[in-house]
Amino acid sequence: MSELTLRPSRAGEALVMVARCLRLSRRNVDALLTSLLLPVILMLLFVYLFGGAIDTGTRYVTYVVPGVLLLCAGFGAAGTAVSVTTDLTNGIVERFRTMDVSATAILGGHVAASLVRNTVSTVLVLAVAVAIGFRPAVAPLRWLAAFGVLLLFLLAVSWLSAAFGLLARTPEAANGFTFMVMFLPYPSSAFVPVETMPSWIRGFADHQPVTPVIETLRALLLGTPAGSAPAVAVAWCLGILAVSVLLAAALFRRRVA
């Protein structure tokens, strides 16, 4: 039997790596519960502790849910950095490379597992949001478009997280990426209107990637005017994705050479 028939296909390698990463996520119960419950806790905190003091022109739960979805996405995707660094430090990547497993399959497995985890977390956040009064009234196509934008943002941040995991030397250092990604929704339109911020913060909030993504989700889910936000959001996500994939490929070659 030839070597070609003995070796699994690249698609098969990718599926095996995705299944492996999902099993690892399932076994890491503490991290899994944190990634699922923390966004829900933060949403309840903002709605019930701060919502009464913040005037957004609508019910605060309606305003805050798109921002919490992005906070949830950023937190879940950032965990990819820790898992990538852990694989590099425990020697498993070297074993995979001796079996000629491709870099795309190894890193893509972590990214795909991140997308699955975050989809579950997003559904949980939406379910709790509906239970406490979130009432989007939009057509199914708008729901699909909102999910597509959120998925694109998740994909971009997951690959960026994988690149950072290749840069970090320890899982603890990689964990610092979580705080950086979770910080971005705060100086944005996630929790308060940008117009209420001081001018020096408003400039950053208006020109960072999270704000147009949140405004796009808000427009799609609530039926409000979107303006140029969708085009800007997609451009940010595609730009981050392209740079992150290229950076991750270069860093992987350097780390395993």
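None of the values given here were measured: they were computed from a predicted structure. For the numbers below, each heavy atom of this structure counts, side chains included, while hydrogens, waters and symmetry mates do not.
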Please examine the side chains of Arg254 and Leu167, heavy atoms only from C-beta on, and report whether any two atoms are closer than 4.5 Å. yes
Side chain to side chain contact (heavy atoms under 4.5 Å, CB included), paired with Ile214, selected from Val149, Leu70, Val68: Leu70
Shared hydrophobic cluster, Leu155 / Val123 (ILVMFWY, side-chain heavy atoms < 4.5 Å): no
Output all residues satisfying side-chain hydrogen bond (donor to acceptor under 3.5 Å, both in side chains) with Ser189, sequence neighbours left out; order by chain, then residue number. Glu215
Kindly give the heavy-atom pair with the smallest separation between Pro136 and Trp143, and that separation in Å. CG-CZ2, 3.3 Å
Strictly distance-based, threshold 3.5 Å: is any side-chain N or O of Tyr60 a donor or acceptor partner for the main-chain N or O of Phe191? yes
In this structure, would Leu49 and Val61 fall into the same cluster of hydrophobic residues linked by side-chain contacts under 4.5 Å? yes
Return a table of donor-acceptor pairs under 3.5 angstrom between the side chains of residues 220-243 and protein atoms on other chains or two or more places apart.
none

Same hydrophobic cluster for Val65 and Ile132, using side-chain heavy-atom links shorter than 4.5 Å among ILVMFWY? yes
Tell me whether Leu69 shares a hydrophobic cluster with Leu144, the cluster being built from Ile, Leu, Val, Met, Phe, Trp, Tyr side chains joined at under 4.5 Å. no
Quick check: closest heavy atoms across Cys72 and Val125, and the distance to 0.1 Å? SG-CG2, 4.3 Å
Minimum-distance pair of heavy atoms, taken over all atoms of Ser83 and His110: OG-ND1, 3.2 Å
Taking the side chain from Arg142 and the backbone from Ala219, do they hold a donor-acceptor pair closer than 3.5 Å? yes
Short question: side chain of Ser121, backbone of Arg117 - any donor-acceptor pair under 3.5 Å? no
Side-chain donor-acceptor contact under 3.5 Å, Ser114 with Asn118: yes
Any donor-acceptor pair under 3.5 Å linking the side chain of Thr211 with the backbone of Ser188? no
Shared hydrophobic cluster for Ile106 and Leu246 (ILVMFWY, side-chain gaps under 4.5 Å): no
Do Trp159 and Leu107 make a side-chain contact, defined as non-hydrogen atoms from C-beta onward lying under 4.5 Å apart? yes
Is there a side-chain contact between Leu166 and Leu88 (heavy atoms, below 4.5 Å)? yes
Any idea which heavy atoms bring Phe204 and Pro187 closest together, and the distance? CE2-CG, 3.6 Å
